[in-house]
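Remarks on the structure that follows.
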Amino acid sequence: MGGFFSVVKRLYLTAYNWTVFYGWVQVLYFALKTLSESGPEKVYDAVEKPLQWAQTAAVMEILHGLIGLVRSPVSATLPQIGSRLFLTWGILYSFPETQTHFLVSSLVISWSITEIIRYSFFGAKEALGFAPYWMLWLRYSTFLLLYPTGISSEVGLIYLALPYIKLSDKYCIRMPNKWNFSFDYYYASLVSLAIYVPGSPHMYTYMLGQRKKALAKSKKE
């Protein structure tokens, strides 16, 4: 019975990783094509649907960690996926004024290259039982450049959205109400922006540690 569940798990994770990989390939293709043909102002319109689909599908990775399908700690997965969902739905989708900025291009290109490498790496591991060293190296090295460009784009877009968030009053809950509760999306966005200050160096350091361990382990094998 244990062997059967192991096979089902591998088949599921293989299908999941390669399906989301395809979504991110679409994002990168449409982003680069539109950037070269029409400029950065049109990039969001071209990538909106595959971006929303591929990024929202990552919610499953939190579930995978919670139920033990993968060994990735939820404490590391949750903030990364949460911040990306916030950018995808809470900023870009919710405030169209940000969609034509050139930072959208650097954001989706950084995200998509990172995710294409990551999902193909895990997809190969699940399908074949291993991943070639070059895939391992890419998985744990490209973030050295792509993480700073991605994070800078995220911070920049949240900052650019702040005036529109404040004016719109969108997603705010005002008193009085039957829940006796208030929520201000503008201040919540400011808090999320502030979290990037300690959070980004912490995450970068964590990934550097993971890179060192993964490459060292691969050399021993």
Report task. Report the residues that fulfil salt bridge (Lys or Arg N to Asp or Glu O under 4.0 Å) with R71, sequence neighbours left out, ordered by chain and then residue number. Result ->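 Once residues adjacent in sequence are excluded, R71 has no partner under the salt bridge (Lys or Arg N to Asp or Glu O under 4.0 Å) criterion.
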**Report entry** Partners meeting salt bridge (Lys or Arg N to Asp or Glu O under 4.0 Å) with R211 (sequence neighbours left out)
**Finding:** none
Query raised in the report: With sequence neighbours left out, what residues match S38 under side chain to side chain contact (heavy atoms under 4.5 Å, CB included)?
Result: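 Scan of S38 (side chain to side chain contact (heavy atoms under 4.5 Å, CB included), adjacent residues dropped) gives T34, K42.
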Query raised in the report: Can you list the residues that meet the side chain to side chain contact (heavy atoms under 4.5 Å, CB included) rule with L66, with sequence neighbours excluded?
Result: I62, V74
May I have the list of side-chain donor-acceptor pairs in residues 156-163 shorter than 3.5 Å, sequence neighbours left out?
none

Query raised in the report: salt bridge (Lys or Arg N to Asp or Glu O under 4.0 Å): which pairs involve residues 197-206, sequence neighbours left out?
Result: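 Sorted result for residues 197-206: empty, none.
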Query raised in the report: If you look only at pairs with a residue in residues 112-123, which of them pass as a salt bridge (Lys or Arg N to Asp or Glu O under 4.0 Å), with sequence neighbours excluded?
Result: E61-R118, R84-E115, E115-R118
Query raised in the report: Of all residues at least two apart in sequence or in a different chain, which pass the side-chain hydrogen bond (donor to acceptor under 3.5 Å, both in side chains) check with K33?
Result: E37
Query - Residues which pass side-chain hydrogen bond (donor to acceptor under 3.5 Å, both in side chains) with D45, listed by chain and number, not counting sequence neighbours - result: none
Query raised in the report: Strictly under 6.0 Å, is that where the ring centroids of F122 and Y16 end up?
Result: no
Report task. For this output row, return yes or no: ring centroids of F95 and Y164 closer than 6.0 angstrom. Result -> no
Query raised in the report: With no hydrogens and no angle check, do the side chains of W111 and E154 hold a donor and an acceptor under 3.5 Å apart?
Result: yes
Query - Residue pairs passing the side chain to side chain donor-acceptor pair (under 3.5 Å) test where at least one lies in residues 98-109, sequence neighbours excluded - result: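 Counting only pairs at least two positions apart or across chains, the side chain to side chain donor-acceptor pair (under 3.5 Å) contacts touching residues 98-109 are S106-S153.
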Report task. Check which hydrophobic residues are tied to Y22 through side-chain heavy-atom contacts below 4.5 Å, counting indirect links as well, and list them. Result ->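 None, because no other hydrophobic side chain comes under 4.5 Å of this residue.
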Requested in this report: List in chain and number order the residues that pass ring-ring contact (aromatic ring centres under 6.0 Å, His included) with Y93, two or more places apart in sequence or in another chain; answer none if no residue qualifies.
Outcome: W89
